[in-house]
Amino acid sequence: MAQMNFGGVMENVVTREEFPLEKAREVLKDETIAVIGYGVQGPGQSLNLRDNGFNVIVGQRKGGKTWEKAVADGWVPGETLFDIDEACQRGTIIQYLLSDAAQIEVWPTVKKNLTPGKALYFSHGFGITYKERTGIIPPADVDVILVAPKGSGTSLRTMFLEGRGLNSSYAIFQDATGRAYDRVIALGIGVGSGYLFETTFKREVYSDLTGERGSLMGAIQGLLLAQYETLRENGHTPSEAFNETVEELTQSLMPLFAKNGMDWMYANCSTTAQRGALDWMGPFHDAIKPVMQQLYESVKTGNEAQISIDSNSQPDYREKLNEELRQLRESEMWQTAVTVRKLRPENN
């Protein structure tokens, strides 16, 4: 583990150079990694582990679409693919990668299989941080660890296949065996992390819930829609409004400031753009900051967690969710996106 300077703040970071894949394989050579769930994170993490030479099995409900997806990805029923109960029995490390709601539902099955010395692994701090609400309280004689890739399971897999790594956070909630650190870092390297930075279960879930509702999804959709609507209300066509709001941002600017930073972006645009961006950065910050603080407080108090638990447990939750997603998908802005994407040079 090395300490690195991030903007003047020292943080614990583990790189592939410090903890190479060969060392990770050695640490986990006698372990069976049972990946429970094959939805968002399960495919990417399990396939990367398998390709990296670890002993991996998958646990999933039989008969559903995700079971069939696992079979299509090369997991063999009765050999490397089992129902959840049997996979938990076989695994010495249980990677609990079901959705937050499903983790609550399946917890009794997992808990009964957590015999002394096993490790319980998460990629989200929700179940443990809000354990009084979720009921997910592990026994004291197992390791409880976390590796949270900073992106989707699809991105994790895609970057792995490209020879790159997706950065991840790691945390140890409970070290019963004295091996929790080696286990969690080995798993982080095994799933394809670029580097690993230290966090806690609580900090992970607070930052994750805030990010999803904020700049990663909720706030960005609200910001894009507000600009798109303003342009449309002032006579701009759908194509023009979309290109100025979304297309230029995602296709031209984001790759550049992801690579070089927003400071570089400011320095390498026209003086007119520089002046306007610098002048309007403040008002946008001042308008958004109170909303972000309100959001963080809602996360910190557990209100966001309770909303998720309550809504996801409703029998008609999936139907209501699909209707909301349909409305988003069929909105003018994202229907315009369908046409714009078809017109991109790589599609012609």
Side-chain angles (χ1 to χ4, degrees), residues 33-46 58-61 66 84-85 87-89 91-115 118-153 156 168-177 180 183-184 187-188 191 196 198-213 296 298-314 317-318 321:
I33 305 165
V35 176
I36 307 304
Y38 209 72
V40 177
Q41 283 288 335
Q45 294 200 31
S46 61
V58 171
Q60 182 58 39
R61 292 185 182 92
T66 46
I84 291 174
D85 187 31
C88 288
Q89 289 178 38
T92 59
I93 297 171
I94 298 174
Q95 289 195 328
Y96 206 21
L97 301 183
L98 294 169
S99 69
D100 296 326
Q103 284 187 13
I104 297 171
E105 178 187 347
V106 177
W107 175 242
T109 299
V110 174
K111 185 178 180 181
K112 74 177 184 178
N113 289 297
L114 284 172
T115 50
K118 287 193 176 187
L120 178 63
Y121 166 112
F122 294 85
S123 285
H124 189 26
F126 190 99
I128 293 293
T129 299
Y130 303 113
K131 57 185 179 297
E132 291 80 10
R133 300 170 188 263
T134 64
I136 298 175
I137 302 174
D141 51 11
V142 301
D143 293 342
V144 182
I145 54 180
L146 173 145
V147 173
K150 297 298 105 180
S152 69
L156 183 72
S168 302
S169 59
Y170 75 92
I172 298 170
F173 179 76
Q174 193 167 277
D175 183 4
T177 66
R183 276 172 143 178
V184 74
L187 288 161
V191 301
L196 294 135
E198 189 176 27
T199 189
T200 66
F201 274 66
K202 182 179 289 187
R203 290 211 317 265
E204 190 284 327
V205 76
Y206 285 8
S207 60
D208 190 71
L209 293 183
T210 300
E212 290 167 348
R213 288 151 177 76
Y296 191 84
S298 186
V299 170
K300 186 176 178 180
T301 59
N303 183 56
E304 292 301 308
Q306 196 61 53
I307 290 171
S308 295
I309 291 169
D310 291 345
S311 63
N312 293 350
S313 63
Q314 298 299 315
Y317 167 70
R318 182 58 59 181
L321 174 64

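No hydrogens, no waters, no symmetry mates; every other heavy atom, side chains included, goes into these values. Position 1 is the first residue of the sequence; numbering continues from there. What you see is a predicted model; the values in this text were computed from it and never measured.
- Taking the six-membered ring where the residue is Trp, Y96 and W107 present tilted rings, their angle falling between 30° and 60°.
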request  = Decide yes or no on side chain to side chain contact (heavy atoms under 4.5 Å, CB included) for Q95 and L187, but give the supporting numbers first.
outcome  = CA-CA 10 Å; Q95 289 195 328; L187 288 161; 3.8 Å; yes
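- Looking at V142 and Q174, their side chains come closer than 4.5 Å, going by heavy atoms from C-beta outward.
- V110 is listed as a side-chain neighbour of L120, based on a closest heavy-atom distance under 4.5 Å.
- Shortest non-hydrogen contact noted between G188 and L196 is CA-CD2, 3.8 Å.
- Using a 4.5 Å cut-off on side-chain heavy atoms (C-beta onward), F126 and I309 make contact.
- Atoms CG and CD, on N312 and Q314 in that order, are 9.5 Å from each other to the nearest 0.5 Å.
- Between V35 and Q45, every side-chain heavy-atom pair lies at or beyond the 4.5 Å cut-off.
- Here the side chains of Y130 and D100 are not in contact, with every heavy-atom distance at 4.5 Å or above.
- Here the shortest heavy-atom pairing between L98 and G37 reads CD2-CA, 3.5 Å.
- Checking side-chain atoms of K118 against main-chain N and O of Q89 turns up a donor-acceptor pair under 3.5 Å.
- L156 approaches G44 most closely through the heavy-atom pair CD2-C, 4.1 Å.
- Between the CD1 atom in I128 and the NZ atom in K131 there is a gap of 7.0 Å [rounded to 0.5 Å].
- Side chains of V106 and R61 form a contact here, defined as non-hydrogen atoms less than 4.5 Å apart.
- Distance alone, capped at 3.5 Å, is enough to place a donor-acceptor pair between the R203 side chain and the E198 backbone.
- Closest heavy-atom contact between S308 and R213: OG-NH2, 3.5 Å.
- Nearest approach of A148 to S123, heavy atoms of both residues: CB-O, 3.5 Å.
- In this structure, the separation between CD on E212 and CD on E304 is 10.5 Å, given to the nearest 0.5 Å.
- Not one N or O on the side chain of D143 forms a donor-acceptor pair closer than 3.5 Å with the backbone of D175.
- Each of I36, L97, V58 was checked for a side chain to side chain contact (heavy atoms under 4.5 Å, CB included) with S46, and the lone residue meeting it is V58.
- Remark: of the listed residues L146, I172, I145, L146 is the sole one forming a side chain to side chain contact (heavy atoms under 4.5 Å, CB included) with F201.
- The two residues Q41 and G153 have their closest heavy-atom pair at NE2-N, 3.5 Å.
- At a threshold of 4.5 Å between non-hydrogen side-chain atoms, the residues V205 and F122 do not count as touching.
- You'll find the side chain of L321 stays beyond 4.5 Å of the side chain of S311, heavy atoms only.
- A donor-acceptor pair under 3.5 Å links the side-chain atoms of E204 to the main chain of G125, judged by distance alone.
- Rounding to the nearest 0.5 angstrom, the gap separating the CD1 atom in I33 from the CD1 atom in I94 is 12.0 Å.
- The OG atom of S99 sits 8.5 Å away from the CD atom of E105 when rounded to the nearest 0.5 Å.
- Panel note: side chain Q60, backbone G39; no donor-acceptor pair is recorded below 3.5 Å.
- The distance from atom OG of S313 to atom CD1 of I104, rounded to the nearest 0.5 Å, is 8.0 Å.
- For the residue pair T134/Q103, the side-chain donor-acceptor check at 3.5 Å is not satisfied.
- Counted within 6.0 Å of NZ on K150, heavy atoms from surrounding residues, nucleotides or ligands total more than 12; the atom is thus considered enclosed.
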